[in-house]
Amino acid sequence: MRPLGPVIGRYPSSDGNTQMGVGIIKHNRKCRDVVFLVIFIAFWVAMIVNSSFGFNQGNPLRLVYGLDYKGNVCGDRHADPDLHELELRYWLNPNQVYQSGLKNSQVKLENVRSICLLDCPIPSEDSLNWVCDYPDGDVKLSTDDWIDRNYDYFADLTPELRNSSLQLQGPCYPVIFPSVNVYWSCQFVARASNVSLRHWQQMGGVNIMEDIVIDKSIHRAINSRSAVLKRYVADVGKAWPVLLVCGGILPLFLSVIWLLMIRHFVVGMPWVTIVLFNILIVSVTMFYYLKAGWIGNDAISPIIGEHDPYYRVSVRELSHLHAAAVLMTAIMIIAVLSSIAIVRRILMATSVLKVAAKVIGEVQALIIFPVIPYAILAIFYMFWFSAALNLFSSGRVIQNNCSTNCCAYDLKSKKVSCDNCCGYSIHYTPHLTAAILFHLFGCYWATQFFVACSSTVIAGSVASYYWTRGEAQDIPFLPVFASMKRLIRYSLGSVALGSLIVSFVESVRFILEALRRKLKVANSMPESWVGRVLFRSSQFCLRCIGWTIKSVNHNAYIMIAITGKGFFKASEIATELIISNILRIGKVNVIGDVILFLGKLCVSLTSALFAFLMLDTHKYKSAHNKISSPIFPVLVCWSLGYVVATLFFAVVEMSIDTIILSFCQDSEEHQGTAQYAPPLLIETLSDQNEMQRLTQ
């Protein structure tokens, strides 16, 4: 490998004099990996086109509310009639609901006549209540008057229409079963009102089936996997203020505070980080227990509004919270025991963090620089989440094909119609599935790209500090911006390539994991022990490959910033340097990386904890802002907090790694004695044991 000294240290100029300065790092640079920069730009164009499809076709209301028998989305002010206040889906014909719950029945719940209401009807205590279809034709009522009359205009019907209603063909239908608002659908309670049923029979109404099946039919639709997934996605949209505060502002504040404390309180920060981490992970785990109902009486409830406290509905969201609580318990136990195990090595971490603290003290712009990629990512995430909500709701509303008897009175045509009486449902095409997967991949690649750009800029700034011996007069003016200029001018293609490789490997691992789960559910896993071993081994190998690539990329970005080489050449240089100095890098840097990782988790766990607190307020537990479960918003806040912490903690992480790699290369080129190590670094590493650890 060519010595790096002539490139990143002092080198002879054209007049024969030895010079020092920033121009050293810019020596012989040119644009690298341009093809992948073009691919990245094309990818962004495709992302914009893909998102525009979502904005054009999507309607986020579909994620929350159901469809009425006309194909309108409940709560949609642009529907006919105007449904902006009518958010609850109610099925009119109880016999059809009953039939849809029977095994092998041709009647499907999506084909049962349903309308949108303001609240769920309940039977009268002394008479018979009715719920009538939207006013139309000869029924001269406005929508507001219809609502004010509790959706009941049975008394105004002609004898013919009354008789049709008694045959359960509309336009009015009896309220025999009480119902409760379960996730904006009126869930029937399988306890018929004796008073209402007696009045119905006295009026000559047809026989109404009384069975618990009527309860299970609607519950099965509400609790389906697709319905739960839609609610989870909708929760993210409803909780956008929580994401803004706990996923954006709070981690920004905490990360800056952490960097300032590293700068001025470096000796105590490892201890503070470990103690705080243990407190936070226990606290977050306890919140999962609270919401799962294992502690206290604050478990999530799918029922919206007032209801009988003895009536309970089981939903998948609660089961998912139980699983999350168990998982968090296991993680908590492992994390606490691991943090205790590394306490003895805290002093080693402190000495490493001192190096970063010295660098941050000299190149103070490093603390502020991450705000730039943070702002770019914040804008990107706002666009991405908005597009994601629309993409997930971009299916086509199509009338079903059904062969069941769904005859009902049509007020507009003034007759009982048995044609085109099937319900509507949202159909998702394979193209839409591909668009959603592309959108998810785009988020991961863009995140990796911006984090890599930030790390490369920091590495270039720290390299300027190291190879000028930390002398202020030789450090370039605003080294961070000089490093940023070099990145934009020469190395964006290399960063795009590195981030693409990581994104591709992680995506393949995600797809294989999803396939494994699908096969497990379908009981199609390999039967032979050889097949199972190979299947498990492939998962383990992909994890190892992913971890290795991330590690290589991390050091490749440092060498890209220093040498200006392309991604693969920089990876080769970094790998050779690491292999030849594995002991000196490993002993010093591993514990430091662990402390930094715990610091990132502290920020993200704090974001998750505050997200739990914000979501526990009345705003998100009632009315149309109610979220189905805190799982998704909390996980998103956790993830966003970790990304923000990664951006800011990269200042310390890349400072340490760049200094150590530069120190090892410097020592290797000068027979074990570093020539370019600045006085501040030598002072920090003046302890003989530490120096011996680095140079042996």
Side-chain angles (χ1 to χ4, degrees), residues 66-72 74 80-81 86 89-102 105-117 120-121 123-124 127-141 143 146 149-177 179 186 188 192-193 196-211 213-214 217-218 399-425:
L67 304 177
D68 67 6
Y69 73 92
K70 295 182 177 182
N72 297 318
C74 294
D80 182 23
L86 308 176
R89 185 183 188 185
Y90 178 74
W91 288 269
L92 293 167
N93 192 327
N95 276 0
Q96 288 183 350
V97 173
Y98 169 80
Q99 292 170 4
S100 68
L102 298 175
S105 172
Q106 293 184 348
V107 179
K108 304 299 179 184
L109 187 64
E110 56 264 27
N111 294 321
V112 176
R113 199 172 186 85
S114 62
I115 61 174
C116 303
L117 304 179
C120 290
S124 172
S127 62
L128 178 61
N129 288 343
W130 298 82
V131 171
C132 301
D133 199 352
Y134 303 127
D136 202 353
D138 291 338
V139 180
K140 307 299 183 181
L141 285 176
T143 303
W146 175 65
R149 296 176 64 166
N150 272 341
Y151 329 107
D152 183 358
Y153 50 76
F154 180 79
D156 300 335
L157 296 179
T158 63
E160 178 189 358
L161 294 185
R162 290 189 182 189
N163 184 62
S164 174
S165 298
L166 291 173
Q167 301 302 313
L168 288 180
Q169 292 183 339
C172 294
Y173 297 82
V175 180
I176 302 297
F177 297 93
S179 58
C186 292
F188 284 3
S193 167
S196 298
L197 194 58
R198 186 170 63 252
H199 277 83
W200 170 257
Q201 292 169 348
Q202 290 172 354
M203 296 175 71
V206 298
N207 185 44
I208 290 180
M209 304 296 181
E210 299 178 68
D211 195 280
V213 172
I214 199 171
S217 176
I218 297 177
Q399 189 169 24
N400 303 322
N401 292 320
C402 63
S403 57
T404 58
N405 179 15
C406 56
C407 299
Y409 193 91
D410 187 352
L411 287 171
K412 184 172 291 187
S413 62
K414 300 180 182 180
K415 65 178 182 179
V416 175
S417 173
C418 297
D419 300 325
N420 298 321
C421 59
C422 300
Y424 288 78
S425 57

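Here, residue 1 is the first one in the sequence, and each next residue gets the next number.
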Between the side chains of [Y] and [X], is the shortest nitrogen-to-carboxylate-oxygen separation below 4.0 Å, so that they form an ion pair?
{"X": "Lys414", "Y": "Asp138", "result": "yes"}
{"X": "Arg149", "Y": "Asp156", "result": "yes"}
{"X": "Lys70", "Y": "Asp80", "result": "no"}

Practice task
Could you tell me whether the side chains of Asn400 and Ser425 share a donor-acceptor contact shorter than 3.5 Å?
Solution key: yes
Handout entry: Between Asp133 and Tyr69: side-chain donor-acceptor atoms closer than 3.5 Å
Key = yes
Side chains of [X] and [Y] in contact at under 4.5 Å (non-hydrogen atoms):
{"X": "Trp130", "Y": "Pro174", "result": "yes"}
{"X": "Cys120", "Y": "Tyr90", "result": "no"}
{"X": "Pro123", "Y": "Asn129", "result": "no"}
{"X": "Asp152", "Y": "Cys132", "result": "yes"}

Practice task
Verify the neighbour count for atom CD of Gln202: are there more than 12 heavy atoms of other residues, nucleotides or ligands below 6.0 Å?
Solution key: yes
Exercise for the section: Give a yes or no on whether Gln167 atom CD has more than 12 heavy-atom contacts from other residues, nucleotides or ligands under 6.0 Å away. Expected result: yes
Look at the side chain of [X] and the backbone N and O of [Y], then say whether any donor-acceptor pair between them is shorter than 3.5 Å.
{"X": "Asn95", "Y": "Asn207", "value": "yes"}
{"X": "Ser179", "Y": "Pro121", "value": "yes"}
{"X": "Asp68", "Y": "Cys116", "value": "no"}
{"X": "Ser114", "Y": "Leu67", "value": "yes"}
{"X": "Arg162", "Y": "Ala155", "value": "yes"}
{"X": "Trp200", "Y": "Val206", "value": "yes"}
{"X": "Ser217", "Y": "Val213", "value": "no"}

Practice task
Apply the side-chain contact (heavy atoms from CB on, under 4.5 Å) test between Asn93 and each candidate in Leu168, Val107, Ile208; give the one that qualifies.
Solution key: Leu168
Exercise for the section: Please report the closest heavy-atom contact between Tyr409 and Pro171, naming both atoms and the distance. Expected result: CB-N, 4.0 Å
Problem - Tyr134 ring center near Trp146 ring center (under 6.0 Å) - result: yes
Handout entry: With Asp410 via side-chain hydrogen bond (donor to acceptor under 3.5 Å, both in side chains) - residues at least two apart
Key = Ser413
